[in-house]
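What follows is a structure written as structure tokens; I'll ask about it next.
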Amino acid sequence: MEKIEVEAKIRKEIGKSSKTLRLRGLIPAIVYGRSINSIPVAVDLKKLEEVISGEAGRNVIISLKIGGETPEVIP
């Protein structure tokens, strides 16, 4: 399975104020896991659409790079 890295930014906008992110072409999301605290992030909509509509389609592993680092998540 193909693995693609996507850049995400830590966001401060939470709740209804995240609407401004969508207007700027960003998707609000939350990264969470058993071994890490929840991290609110924003991902570029065009980049995400590019990844999903690429050759691999929806069968792709997306690795988020948050603030220049990839968080370790243990399944």
Side-chain angles (χ1 to χ4, degrees):
M1 191 173 287
E2 189 176 348
K3 183 177 179 181
I4 297 178
E5 192 170 275
V6 176
E7 186 74 31
K9 298 175 187 172
I10 295 177
R11 64 183 170 99
K12 304 285 187 227
E13 298 88 350
I14 306 275
K16 291 184 180 183
S17 64
S18 63
K19 182 178 180 180
T20 59
L21 291 172
R22 291 185 192 95
L23 294 173
R24 294 189 325 221
L26 299 170
I27 301 281
I30 303 273
V31 177
Y32 60 92
R34 200 178 313 175
S35 62
I36 63 171
N37 291 328
S38 298
I39 306 168
V41 297
V43 181
D44 184 81
L45 173 63
K46 288 183 182 180
K47 178 64 179 172
L48 195 58
E49 284 177 339
E50 185 180 300
V51 168
I52 292 172
S53 66
E55 264 184 50
R58 294 179 183 215
N59 298 317
V60 64
I61 296 173
I62 299 173
S63 176
L64 285 179
K65 192 169 192 174
I66 304 170
E69 296 182 14
T70 305
E72 288 282 326
V73 180
I74 301 169

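We number each residue from 1, following the sequence as shown. Given the structure is predicted, the values throughout are model-derived calculations rather than measurements.
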Handout entry: Side-chain touch Leu21/Ile27, heavy atoms, less than 4.5 angstrom
Key =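 Side-chain contact under 4.5 Å: no.
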Problem - Atom pair NZ/CD of Lys65 and Glu7 - distance to nearest 0.5 Å - result: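 It comes to 6.5 Å.
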Practice task
Kindly compute the distance separating CZ (Arg24) from NZ (Lys19), expressed to the nearest 0.5 Å.
Solution key: 14.0 Å
Exercise for the section: Considering non-hydrogen atoms only, spot the tightest contact between Ile30 and Ser38 and give its length. Expected result: CG2-CB, 4.1 Å
Exercise for the section: Would you please test Ile62 and Leu48 for side chain to side chain contact (heavy atoms under 4.5 Å, CB included) and show each step? Expected result: CA-CA 9 Å; Ile62 299 173; Leu48 195 58; 4.0 Å; yes
Problem - From CD1 (Ile39) to CD1 (Ile10), nearest 0.5 Å - result: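 Going from CD1 on Ile39 over to CD1 on Ile10, the span is 6.0 Å.
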Handout entry: Under 3.5 Å donor-acceptor, Arg11 side chain and Val41 backbone
Key = yes
Practice task
Could you state whether Leu26 and Ile4 fall into the same hydrophobic cluster, counting links through intermediate Ile, Leu, Val, Met, Phe, Trp or Tyr residues with side-chain heavy atoms under 4.5 angstrom apart?
Solution key: no
Problem - Residues Glu49, Leu45; criterion side chain to side chain contact (heavy atoms under 4.5 Å, CB included); working and verdict - result: CA-CA 6 Å; Glu49 284 177 339; Leu45 173 63; 3.8 Å; yes
